[in-house]
There are 2 protein chains.
Amino acid sequence: MAHLQAQEIRPYHHGDLSRALIQAGRRILEVGGPAALSLRAVAREAGVSPAAPYHHFKDKCELLEAVAKEGWMELGSAVAKARASAPDARAALTNIGVAYVCFARDNPALYRTMYDGACDRATMPDHAKEDDSGWRHVREALIEAGADPAEERELELATIAAWCAAHGVAEMAGFKEFESLKTALGGEEPFVRAVLEHVGIFAAMSRPKIRA
Amino acid sequence: MAHLQAQEIRPYHHGDLSRALIQAGRRILEVGGPAALSLRAVAREAGVSPAAPYHHFKDKCELLEAVAKEGWMELGSAVAKARASAPDARAALTNIGVAYVCFARDNPALYRTMYDGACDRATMPDHAKEDDSGWRHVREALIEAGADPAEERELELATIAAWCAAHGVAEMAGFKEFESLKTALGGEEPFVRAVLEHVGIFAAMSRPKIRA
DNA sequence: CACCTATGTGAACGGTGTCAAGATAATCTT
DNA sequence: AAGATTATCTTGACACCGTTCACATAGGTG
């Protein structure tokens, strides 16, 4: 593999290495996938020694989280845009789902990194729930689609459900096994739309309540 | 970390090393998670040299796939049992979903390994679609719940949707952020049930068709 | 028995994450 | 401005990893 080349020569002190490292990380992620994303490779790509990153991130993990954070921000704004450009409330919900899945399709390595980010798997990724993340948009879209904002528990369950469904589709939509179905439906996006609608929550909002 | 100890002394030739390696892999997975699962650690745990596994698996990947295969088999039978023990067709569908998610909860590292298994992420895990895997059960349960077996495309979409939803819930149900909601709902399983039902497909089977 | 093949060992290679010690530059104090 | 302090980067080392190669050992077949 022709290794990516570092930019021009730089002074002893880089100036803004943390930012450069994050960008280098994303570049490597795009080119070589998560497997290629080693701390040393990132340092190499940024043109510094293998130990340099440790002055900005205590860990490899911490660097990955920084990369992941960028991903969450971008996912958040993609979701926001999708929601804004929908004709009505129910379409907004589906649009959000499609945008979510498309983001994962277009940035598969980044998306994986976003979920591995926690590195412990027992905690939701830090930035998934932040202010301008997708959560808020899903929640608000659900309300606009008819969910009762007073029933907090119901609303949270629906938000979780929508998020889970989108995540599941996002991780599986790329499988080759679905190729024929995709072409039969007219491409990738119609396929995603169809799956999301079959999942249910994206299509039918007001259902009879079910008690546990 | 107190390293796991190898079993008693063995003759020069192990007898059934591949099996032993797979078991060792699962043990390590349970104790230390996916991060601890190195080829060398597996060999150590099985009491052989680091190079020994290469006579049974061409790759680390191939070993992991063997471990994953065991997981898929067990997931398949868990799903089968859940389906069989349901009073009616619609309950069967939900039961399958709950069993799926519970399997992932009880074997988190194994479950992750099952999906990483392909090692390329563009292919569905090999054993996910095999004869006695969950796929068949979901499909059949959908039919029994009222899906038209003649509408192949519709059926495949519904199966995919159900699988995606279950997978999404499986990966996110463990997040700490949902703890309070879990206790409010009376435990882990009611929570999973509630989320699955909110996802939609597990609760409402016969909906008006939606055209792309 | 001799021979071949399957299965094990050992040592080695390059790659990885991480840390400690030292070099260098920017900044702060006086 | 000079000296001291702090932030940043480099070098070199350590243990671990996946993998390969040459060699050792055992089982099975002629």
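Convention: sequence-line order gives letters A, B, ...; per-chain numbering from 1. What you see is a predicted model, and the numbers here were worked out from it, not measured in a lab.
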* A:Tyr115 ring center within less than 6.0 Å of A:Trp72 ring center ->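 Ring centroids of A:Trp72 and A:Tyr115 are less than 6.0 Å from each other.
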* To do: Kindly say whether the aromatic ring centers of A:His137 and A:Tyr100 come within a distance under 6.0 Å.
  =>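 Not close enough - the centres of the two rings lie 6.0 Å or further apart.
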* To do: Taking only the side-chain nitrogens and oxygens of B:His56, find out if one of them lies under 4.0 Å from OP1 or OP2 of C:dA6.
  =>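 For C:dA6, OP1/OP2 do not have a side-chain N/O of B:His56 under 4.0 Å.
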Between [N] atom [atom2] and [X] atom [atom1], what is the distance in whole Å?
X: B:Leu64; N: D:dC17; atom1: CG; atom2: C1'; value: 13 Å
X: B:Tyr54; N: C:dC13; atom1: OH; atom2: C1'; value: 13 Å
X: B:Lys60; N: D:dC16; atom1: NZ; atom2: P; value: 16 Å
X: B:His55; N: C:dG10; atom1: NE2; atom2: P; value: 13 Å
X: A:Leu21; N: D:dC9; atom1: CG; atom2: P; value: 8 Å
X: A:Leu63; N: C:dG17; atom1: CG; atom2: P; value: 10 Å
X: A:Arg44; N: C:dG14; atom1: CZ; atom2: C1'; value: 11 Å
X: A:Asp59; N: C:dG17; atom1: CG; atom2: P; value: 11 Å

* **Nearest listed nucleotide, side chain of B:Val48, among C:dT9, D:dT10, D:dC17** =>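 Output: C:dT9.
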* If you pin A:Ala51 and B:Pro50 to their nearest nucleotides in DNA chain C, which one's is more 5'? ->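 Its nearest nucleotide being more 5', the pick is B:Pro50.
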* Hey, mind stepping through B:Glu144 and B:Arg83 against salt bridge (Lys or Arg N to Asp or Glu O under 4.0 Å) and telling me if it holds? -> CA-CA 11 Å; B:Glu144 287 176 15; B:Arg83 177 181 167 215; 3.0 Å; yes
* Residue-level proximity of residues 35-42 of chain A to DNA chain D when a heavy atom falls under 4.0 Å ->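 Of all residues in residues 35-42 of chain A, the ones placing a heavy atom under 4.0 Å from DNA chain D are A:Arg40.
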* Spatial distance of atom CG (A:Leu157) from atom CG (A:Leu142) [nearest 0.5 Å] ->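 One gets 11.0 Å once the value is rounded to the nearest 0.5 Å.
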* Could you go step by step and tell me if B:Glu65 and B:Lys69 meet the salt bridge (Lys or Arg N to Asp or Glu O under 4.0 Å) rule? -> CA-CA 6 Å; B:Glu65 262 185 72; B:Lys69 178 169 188 167; over 6 Å; no
* B:Glu189/B:Arg105 under salt bridge (Lys or Arg N to Asp or Glu O under 4.0 Å): CA gap, chis, key distance, verdict -> CA-CA 10 Å; B:Glu189 192 179 315; B:Arg105 187 217 335 138; 5.4 Å; no
* Look at B:Glu188 together with B:Arg193 and state whether they make a salt bridge at an N to O cut-off of under 4.0 Å. =>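 A salt bridge is absent here (no side-chain N lies under 4.0 Å from a carboxylate O).
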